[in-house]
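The sequence lines fix the lettering, A, B, ..., with proteins before strands; numbering per chain opens at 1.
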Number of protein chains: 2
Amino acid sequence: MNELEVLKQHISKRMSLPEEELNAFVAAFTVKRIKKRQFIIQPEFIARVRTFIIKGAFRSYVVGAEGTDHTIQLAIDDWWISDYSSYIFQKPATMFVVALEDSIVAQIEYEAEQRLKREYHDIETFFRMAAEGLAAYHQRRIIASLTRTAEERYNDFIAAYPGMLEKVPQYAIASYLGVTTQFISKIRNKKAASKS
Amino acid sequence: MNELEVLKQHISKRMSLPEEELNAFVAAFTVKRIKKRQFIIQPEFIARVRTFIIKGAFRSYVVGAEGTDHTIQLAIDDWWISDYSSYIFQKPATMFVVALEDSIVAQIEYEAEQRLKREYHDIETFFRMAAEGLAAYHQRRIIASLTRTAEERYNDFIAAYPGMLEKVPQYAIASYLGVTTQFISKIRNKKAASKS
DNA sequence: AAAAACGGTTAACCTTGATTAACTTTTATG
DNA sequence: CATAAAAGTTAATCAAGGTTAACCGTTTTT
């Protein structure tokens, strides 16, 4: 049983596909090993693949005008990652996507995905639901940024994604939440103090 | 020629459908007139329809813990609006959606949309692309909130959506950008001063 | 095994944009 | 058309969270 089993289960959990279709879907992916600190996407280049994380951790980020970087997405086992706009519209990326630890991924090429969506109505539906879920997820993040303080956002985050806290460095979480590492330190400090 | 012509063109511009399919699609919509200040979605109720704006302006917002409201979306002619999560997952809404002026809309019911997506592969594709576009749009907004100052966000907004400035009140734009109306006043004031 | 790079902490000081409040202008309504 | 309600402005004060900088432990690299 190979590493693609994880992907197969990820798909099956979301949508029941006939055996043949599921096999065709999974067969379109290639398994790859990525070393810590290795980039899988860089600005200027077109994101030609969509990446599913079998095991590992990744971070996507943009570098702002002032040179500081801003985390767009954090992803661990069983998540997808890419420069979404670059992949969807097949235009040059604006983000970096980098491995935060040695990882194993499954990647599908843009053209292969298009072919599968055209050939199988169900796979089109799978990606439609995936995109809807992503849009809803993004919207929750927008609402959080409008309605919650930095401290609340941090507490919400660790409550919602406890797995991230273990795998992902503090600076990545800070820049995902739009705060500084110093401020996260302050929050953690305060929490520890109130617990004694 | 009725009001659904606008919707027909909106769809055709994004995807070329066979005549019969396009007609079936458009036939699933109902035209409605909505008065200024009328709500089309309210918290607790499930958003049963997706709304296309033929002519008019709408605002969706959530009310935060402290009682202040936060604009999630602004939409004018040729845009869609709803409580997205409520509609997609058919669970109770958390947002208000209100008309900012007397408007004409075309609405499709959740079940009718599901039926069309199941029956026509092309319509499934249409909604897949719409969801992808929305996810990409939301992501741009997240990036802006992480990388740009309040003043930059305001200037970016009026540059990107000049039509909004005319139709949508200042307080709605302010709360969409996550700033106060007082601060917008300050920015506008500063800009006017530097232009003399 | 030493040096360098990376990740995190602490603290003083500062800036952006919020809050409060009084006031003006515009739009709705009986 | 008169009054109320809604929308926008101005200015003083304040707080959340950023900046700068020094320091420390832990990985990585040579």
Side-chain angles (χ1 to χ4, degrees), chain A residues 35-39 57 59 61 64-71 74 96 98-102 144-158 164-194, chain B residues 34-39 57 59 61 64-71 74 96 98-103 144-158 164-194:
Chain A
K35 284 256 171 223
K36 182 168 180 174
R37 268 173 255 272
Q38 190 181 324
F39 289 89
R59 171 168 95 103
Y61 63 95
E66 358 64 48
T68 52
D69 60 79
H70 304 273
T71 300
L74 294 171
F96 295 90
V98 69
L100 293 170
E101 64 182 47
D102 291 357
S145 86
L146 290 172
T147 61
R148 321 228 75 207
T149 65
E151 185 168 356
E152 288 168 340
R153 269 166 11 238
Y154 177 73
N155 291 328
D156 293 352
F157 181 86
I158 60 171
M164 291 282 185
L165 200 53
E166 292 152 31
K167 284 194 152 202
V168 171
Q170 214 74 250
Y171 72 82
I173 295 173
S175 103
Y176 175 88
L177 296 172
V179 298
T180 56
T181 50
Q182 290 91 325
F183 193 68
I184 298 265
S185 266
K186 215 186 265 180
I187 294 167
R188 290 168 63 83
N189 206 22
K190 195 161 106 187
K191 267 175 93 162
S194 73
Chain B
I34 313 283
K35 284 258 170 219
K36 182 168 180 173
R37 270 174 253 270
Q38 190 182 325
F39 289 88
R59 171 169 96 102
Y61 63 95
E66 359 63 47
T68 53
D69 60 80
H70 304 274
T71 300
L74 294 171
F96 295 90
V98 67
L100 293 170
E101 63 182 48
D102 290 358
S103 303
S145 85
L146 290 172
T147 61
R148 322 229 75 207
T149 64
E151 185 166 355
E152 288 168 340
R153 270 169 6 241
Y154 177 73
N155 291 327
D156 292 352
F157 181 86
I158 60 171
M164 292 282 186
L165 200 54
E166 292 151 31
K167 284 194 153 203
V168 172
Q170 215 72 249
Y171 70 83
I173 295 174
S175 101
Y176 176 87
L177 296 172
V179 298
T180 57
T181 51
Q182 289 90 325
F183 192 68
I184 297 267
S185 265
K186 214 187 264 183
I187 294 169
R188 290 169 64 84
N189 206 22
K190 195 161 108 188
K191 266 175 93 164
S194 72

Examine dT9(C): is either OP1 or OP2 under 4.0 Å from a nitrogen or oxygen in the side chain of Asn189(A)? Give yes or no. no
Any side-chain N or O of Thr149(A) below 4.0 angstrom from OP1/OP2 of dA16(D)? no
Options dT9(D), dG7(C), dA7(D), nucleotide nearest the side-chain atoms of Tyr171(A): dG7(C)
Starting from the 5' end of DNA chain D, give me the residue, Gly178(A) or Ile184(B), whose nearest nucleotide shows up first. Ile184(B)
Once side-chain contact (heavy atoms from CB on, under 4.5 Å) is applied, do any residues pair with [X], and if so which ones, sequence neighbours excluded?
| X | result |
| --- | --- |
| Thr147(A) | Ile143(A), Val62(B), His70(B) |
| Ser185(A) | none |
| Gln182(A) | Thr180(A) |

Under 3.5 Å, which protein N or O atoms sit close to an N or O of nucleotides 13-15 of chain D? Give each pair with its distance.
none

So what is the end-to-end bend of the helix from dA1(C)-dT30(D) to dG30(C)-dC1(D), with 5 pairs used at each end and the value given to 10 degrees? 50°
Scan nucleotides 20-30 of chain D nucleotide by nucleotide, 5' to 3', and note B when protein non-hydrogen atoms come under 4.0 Å of the base, S if they reach only the sugar-phosphate, - if neither. BB------S--
Tell me every residue that passes ring-ring contact (aromatic ring centres under 6.0 Å, His included) with Phe183(A), counting only those two or more places apart in sequence or in another chain. none
To the nearest angstrom, the CD-C1' distance between Glu151(B) and dT16(C) comes to 11 Å
For residues 166-175 of chain A, dump all side-chain donor-acceptor pairs below 3.5 Å to protein atoms at least two apart in sequence or in another chain.
from, atom 1, to, atom 2, distance (Å)
Lys167(A), NZ, Gly56(A), O, 3.1
Lys167(A), NZ, Asp77(A), OD1, 2.7
Lys167(A), NZ, Glu101(A), OE2, 3.2
Ser175(A), OG, Thr71(A), N, 2.9
Ser175(A), OG, Thr71(A), OG1, 2.4

Residues passing the side chain to side chain donor-acceptor pair (under 3.5 Å) test with Asp102(A), sequence neighbours excluded, are none
